[in-house]
Amino acid sequence: MTPILFVPGLLCSAEIFQAQAAALWPLGPTTVASTLQGKTIGEVAKKILETAPPRFALAGISMGGYICLEIMRQAPDRVARLALLDTTARPDTPEQTAQRRLTLEQARTGDFLSTALASLTSLVHPARRRDTALQDINERMARTVGLEGFARQLELIISRPDSRPSLAAIAVPTLVLVGDTDALTPVDRAQEIAEAISGSELVVVPECGHLSTIERPHEVSSALLDWMGRP
């Protein structure tokens with residue numbers, strides 16, 4: 001049985017993978033890593049590796065995908081499988097960085113929770129933006145991460161490296177998954193990753209935005225089960 005390590009995204013707690021952890025636990029012990037220890041992507045990846053099993057399957061969503069790619073650079077021999085969900089291998093653009101710093105300023109000077117929820121709600125499929133169940137999940141996750149955790153995570157994202165040059169070195173069964181209406185890391189970013197990793201599988205989830213694991217939990221869990229079963 002292969003242990004499975006999940007890495008959450010920005011403003012996400014372990015709840016972002018609740019459905020997937022439940023679906024995959026018969027295949028091996030599941031753990032959700034902390035993204036709040038370290039000031040850089042490299043430091044966070046190192047901290048995760050310190051407590052991770054000797055060898056494991058690795059899955060990350062959004063910012064969690066950035067961290068997974070760093071883990072692949074630091075300890076490729078310890079990763080048996082890789083799943084990159086709603087993420088990109090590209091670094092931040094100056095426009096993205098400026099918007100993130102503006103969002104953080106708004107969170108610090110205004111109502112953190114309102115700012116956080118507005119950021120998360122804007123990422124889901126347009127048809128789900130008034131979905132109270134999704135809103136409740138996002139509120140719980142934002143409260144768990146908190147303002148200082150949010151600030152720390154934004155700095156991680158802003159300072160992340162360009163991971164495109166290292167994609168070709170990945171040589172484990174890899175799933176690349178994205179929502180078909182993901183506005184933050186759109187389908188073409190997922191295609192770019194999949195094309196660079198030999199033998200990877202690309203899955204595009206219909207009627208789904210950026211938060212695929214909670215928007216379409218059954219579809220994502222099914223894709224991950226298939227991924228765990230690949231030789």
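Just the heavy atoms: all of them, side chains too, but no hydrogens, waters or symmetry mates, feed the values below. Keep in mind it's a predicted model, so treat the numbers as computed, not measured.
- Inter-residue side-chain proximity for Asp131 and Val124 is flagged as unmet; no heavy-atom pair is nearer than 4.5 Å.
- Rounding to the nearest 0.5 angstrom, the gap separating the CG atom in Leu10 from the CD1 atom in Ile61 is 11.5 Å.
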### Trace of the side-chain contact (heavy atoms from CB on, under 4.5 Å) decision for Leu5 with Ile48
CA-CA 9 Å; Leu5 179 63; Ile48 290 172; 3.6 Å; yes

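- Using a 4.5 Å heavy-atom cutoff, the side chains of Cys68 and Leu82 are in contact.
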### Task
Please lay out, stage by stage, how Tyr66 and Thr88 fare under the test side-chain contact (heavy atoms from CB on, under 4.5 Å).
CA-CA 7 Å; Tyr66 313 153; Thr88 178; 3.7 Å; yes

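- For the residue pair Gln153 / Thr35, a side-chain donor-acceptor distance below 3.5 Å is found, with atom types taken as modelled.
- Asp92 has its side chain within reach of Arg160: a pair of non-hydrogen atoms, C-beta onward, lies under 4.5 Å apart.
- Cluster annotation: Leu177 is connected to Leu225 through the hydrophobic network of ILVMFWY side chains, with a link wherever side-chain heavy atoms come within less than 4.5 Å.
- Hydrophobic clustering (side-chain heavy atoms under 4.5 Å, transitive across Ile, Leu, Val, Met, Phe, Trp, Tyr) groups Leu49 together with Val172.
- Thr115 places no side-chain N or O within 3.5 Å of a backbone atom of Leu113 that could act as its donor or acceptor partner.
- Looking at Gln99, its side chain never comes within 3.5 Å of a backbone N or O of Pro94 through a donor-acceptor pair.
- The closest side-chain heavy-atom distance from Ile193 to Thr87 is below 4.5 Å.
- Residues satisfying the side-chain hydrogen bond (donor to acceptor under 3.5 Å, both in side chains) test with Glu70, not counting sequence neighbours, are Arg73, Gln74.
- At a threshold of 4.5 Å between non-hydrogen side-chain atoms, the residues Gln106 and Leu102 count as touching.
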### Task
Give the C-alpha distance, both sets of side-chain angles, the deciding distance and a yes or no for side-chain contact (heavy atoms from CB on, under 4.5 Å) between Leu69 and Leu167.
CA-CA 8 Å; Leu69 290 171; Leu167 292 176; 3.8 Å; yes

### Query
Going through the checks in order, is the side-chain hydrogen bond (donor to acceptor under 3.5 Å, both in side chains) test met by Asp86 and His210?
CA-CA 6 Å; Asp86 299 282; His210 186 65; 4.5 Å; no

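- The two atoms that bring Gly38 and Leu156 nearest to each other are O-CD2, 4.0 Å, heavy atoms only.
- Residues that satisfy the ring-ring contact (aromatic ring centres under 6.0 Å, His included) test with Phe6, not counting sequence neighbours, are Phe17.
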### Task
Under the salt bridge (Lys or Arg N to Asp or Glu O under 4.0 Å) rule, what do Glu95 and Arg100 come out as? Steps first, then yes or no, please.
CA-CA 9 Å; Glu95 294 78 15; Arg100 295 188 205 282; over 6 Å; no

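- Nearest heavy-atom pair, Leu224 versus Ala83, reported as atom, atom and distance to 0.1 Å: CD2-CB, 3.8 Å.
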### Message
For Glu139 and Arg143: C-alpha separation, side-chain torsions, deciding distance, then whether salt bridge (Lys or Arg N to Asp or Glu O under 4.0 Å) applies.
### Response
CA-CA 6 Å; Glu139 181 173 350; Arg143 288 185 184 278; 2.9 Å; yes

### Query
Does the salt bridge (Lys or Arg N to Asp or Glu O under 4.0 Å) test come out yes or no for Glu155 and Arg101, once each step is laid out?
CA-CA 9 Å; Glu155 291 303 325; Arg101 295 205 184 282; 2.8 Å; yes

### Task
Check step by step if salt bridge (Lys or Arg N to Asp or Glu O under 4.0 Å) holds for Arg90 and Asp162.
CA-CA 5 Å; Arg90 299 187 178 195; Asp162 187 345; over 6 Å; no

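- Side-chain N or O atoms of Ser34 include one that pairs as donor or acceptor with a backbone N or O of Leu36 at under 3.5 Å.
- Summarising the geometry of Met141 relative to Cys12, their closest heavy-atom pair is SD-CA, 3.8 Å, with the distance given to 0.1 Å.
- Ala19 approaches Pro217 most closely through the heavy-atom pair CB-CB, 3.7 Å.
- Annotation: side chain of Phe56 is not in contact with side chain of Ile4 (no heavy-atom distance under 4.5 Å).
- Applying the salt bridge (Lys or Arg N to Asp or Glu O under 4.0 Å) test to residues at least two apart or on different chains, the pairs with a partner in residues 210-231 are Glu207-Arg216.
- In this structure, the side chain of Ser166 engages the main chain of Ser163 through a donor-acceptor pair within 3.5 Å.
- Side-chain contact between Leu11 and Leu120: present, with at least one pair of heavy atoms (C-beta onward) separated by less than 4.5 Å.
- With hydrogens and angles disregarded, no donor-acceptor distance shorter than 3.5 Å links the side chain of Arg55 to the backbone of Thr2.
- Within the 3.5 Å criterion, the main-chain N or O of Ala75 finds no donor-acceptor partner in the side chain of Arg78.
- Thr213 OG1 to Gln20 CD: the interatomic distance, rounded to the nearest 0.5 Å, is 5.0 Å.
- Taking the side chain as every heavy atom from C-beta outward, Asp180 and Val205 never approach each other to under 4.5 Å.
- Taking NE2 of His125 as the reference point, atom CG of Leu211 lies at 13.0 Å (rounded to 0.5 Å).
- Grouping the Ile, Leu, Val, Met, Phe, Trp and Tyr side chains by contacts below 4.5 angstrom, directly or via other members, places Leu58 apart from Trp25.
- Taking all atoms of both residues into account, the shortest heavy-atom contact from Pro8 to Val32 is CD-CG1, 3.8 Å.
- At a threshold of 4.5 Å between side-chain heavy atoms, the hydrophobic network of Ile, Leu, Val, Met, Phe, Trp and Tyr places Leu202 and Ile170 in one connected group.
- Here Phe112 contributes atom CZ and Leu147 contributes atom CG; the two are 5.5 Å apart, rounded to the nearest 0.5 Å.
- We find that Lys47 and Glu43 are not joined by a salt bridge, their nearest charged nitrogen and carboxylate oxygen being 4.0 Å or further apart.
- With values rounded to the nearest 0.5 angstrom, Ser212 atom OG is found 8.0 Å from Asp182 atom CG.
- Counting only distance, with no hydrogens or angles, the side chain of Trp227 and the backbone of Val176 share no donor-acceptor pair below 3.5 Å.
- Considering NZ of Lys46 and CD1 of Ile67, their distance stands at 15.5 Å, rounded to 0.5 Å.
- Between the side chain of Arg128 and the backbone N or O of Leu134 there is no donor-acceptor pair closer than 3.5 Å.
- Put simply, the side chain of Thr121 gets close to the backbone of Leu117: a donor and an acceptor are under 3.5 Å apart.
- Of the possible donor and acceptor atoms, none in the side chain of Ser13 sits under 3.5 Å from a partner among the backbone N and O of Thr144.
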